[in-house]
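Notes for the one structure printed next.
Throughout, residue positions are numbered sequentially from 1 according to the sequence presented.
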Amino acid sequence: MSEMKREQVLSKAEKLINGQRARDYGDAYQNHERIADGWNVIMREALSGSGELTPAHVALMMDWLKTCRLLTTLNHEDSWVDKAGYTALGAEFALRKSRTNARKDKTDG
């Protein structure tokens, strides 16, 4: 496989962010602002609750990113599929952490 040069990466990125991605997701600044708003809520809750971001929190954050994109293009099938995937992963991660904590409490107690 040929190695991609930085100029090629930048050229491809420029075409995407000024082309199809801009059409699909709207104004980049507004989209990132919405994402930041949601991620700040998730981070505040994570830090005030468990004191750290967990993999389940990251799954919530990625789900929120997909939600923000869907606000502009509700019929973007790939984003719906990604959201479902992040939800499934988040549930698995949260349950794994709670089971691990329960086992740890049994051995500590």
Side-chain angles (χ1 to χ4, degrees):
M1 184 156 110
S2 68
E3 192 173 311
M4 187 177 268
K5 303 282 188 220
R6 69 187 84 172
E7 294 84 8
Q8 293 169 303
V9 171
L10 290 170
S11 175
K12 185 174 182 176
E14 187 274 330
K15 287 175 185 160
L16 283 172
I17 65 172
N18 292 316
Q20 191 61 47
R21 299 275 164 79
R23 289 188 292 280
D24 287 346
Y25 307 135
D27 180 76
Y29 184 85
Q30 289 175 345
N31 190 32
H32 282 76
E33 190 170 47
R34 280 192 300 259
I35 294 166
D37 289 344
W39 284 15
N40 280 319
V41 170
I42 294 165
M43 286 180 57
R44 274 194 302 273
E45 291 299 316
L47 296 175
S48 70
S50 64
E52 66 182 5
L53 285 174
T54 67
H57 291 114
V58 173
L60 283 173
M61 294 167 89
M62 295 305 296
D63 179 85
W64 180 248
L65 179 140
K66 294 299 180 173
T67 298
C68 289
R69 288 179 171 183
L70 283 164
L71 291 171
T72 303
T73 309
L74 277 173
N75 64 348
H76 197 266
E77 182 180 347
D78 189 55
S79 290
W80 285 107
V81 171
D82 287 348
K83 273 181 64 67
Y86 287 123
T87 297
L89 289 170
E92 181 180 311
F93 298 159
L95 292 172
R96 179 188 300 176
K97 183 157 180 83
S98 67
R99 287 185 192 124
T100 301
N101 288 343
R103 281 195 297 273
K104 184 179 178 213
D105 289 345
K106 278 185 179 180
T107 58
D108 290 346

* Is it possible for you to say whether Ile35 and Leu71 belong to one hydrophobic cluster, with membership spreading through side-chain heavy-atom contacts below 4.5 Å? => no

* Side chains of His76 and Ser79: is there a donor and an acceptor less than 3.5 Å apart? -> yes

* Working to the nearest 0.5 Å, report the span between CG of Asn40 and CZ of Arg44. => 5.5 Å

* To do: Determine the minimum heavy-atom distance between Ala46 and Leu53, stating which atoms define it.
  => CB-CD2, 3.8 Å

* Mind checking the CZ-CD spacing from Arg96 to Glu92? Nearest 0.5 Å is all I need. => 5.5 Å

* To do: Measure the spacing between NZ of Lys15 and CG of Leu10 and express it to the nearest 0.5 Å.
  => 11.5 Å

* Residue among Asp78, Asp82, Thr87 satisfying side-chain hydrogen bond (donor to acceptor under 3.5 Å, both in side chains) with Lys66 -> Asp82

* When rounded to the nearest 0.5 angstrom, what is the spacing between CD in Glu33 and SG in Cys68? -> 10.5 Å

* Structure fact -> Output for pair (Leu60 CG, Thr54 OG1), nearest 0.5 Å, gives 8.0 Å

* Gly90 to Ala59 - nearest heavy-atom pair and separation -> CA-CB, 3.5 Å

* Asked: Is there a donor-acceptor pair closer than 3.5 Å between any side-chain N or O of Thr67 and the backbone N or O of Asp63?
  -> yes

* Minimum heavy-atom distance Glu3-Gln8, with the two atoms named -> O-OE1, 4.1 Å

* Would a hydrophobic clustering, with Ile, Leu, Val, Met, Phe, Trp and Tyr connected at side-chain separations under 4.5 Å, put Leu89 with Leu65? -> no

* **Side-chain heavy-atom pair Asp24, Arg69 within 4.5 angstrom cut-off** => no

* For the atom pair CZ (Arg34) and CH2 (Trp64), what is the distance rounded to the nearest 0.5 Å? -> 8.5 Å

* Glu77 atom CD, neighbour heavy-atom count above 12 within 6.0 Å -> no

* Asked: His57 and Glu45: side-chain contact (heavy atoms from CB on, under 4.5 Å), yes or no, with the steps?
  -> CA-CA 9 Å; His57 291 114; Glu45 291 299 316; 5.9 Å; no

* **Side-chain donor or acceptor of Trp80 paired with backbone N/O of Leu70 under 3.5 Å** => no

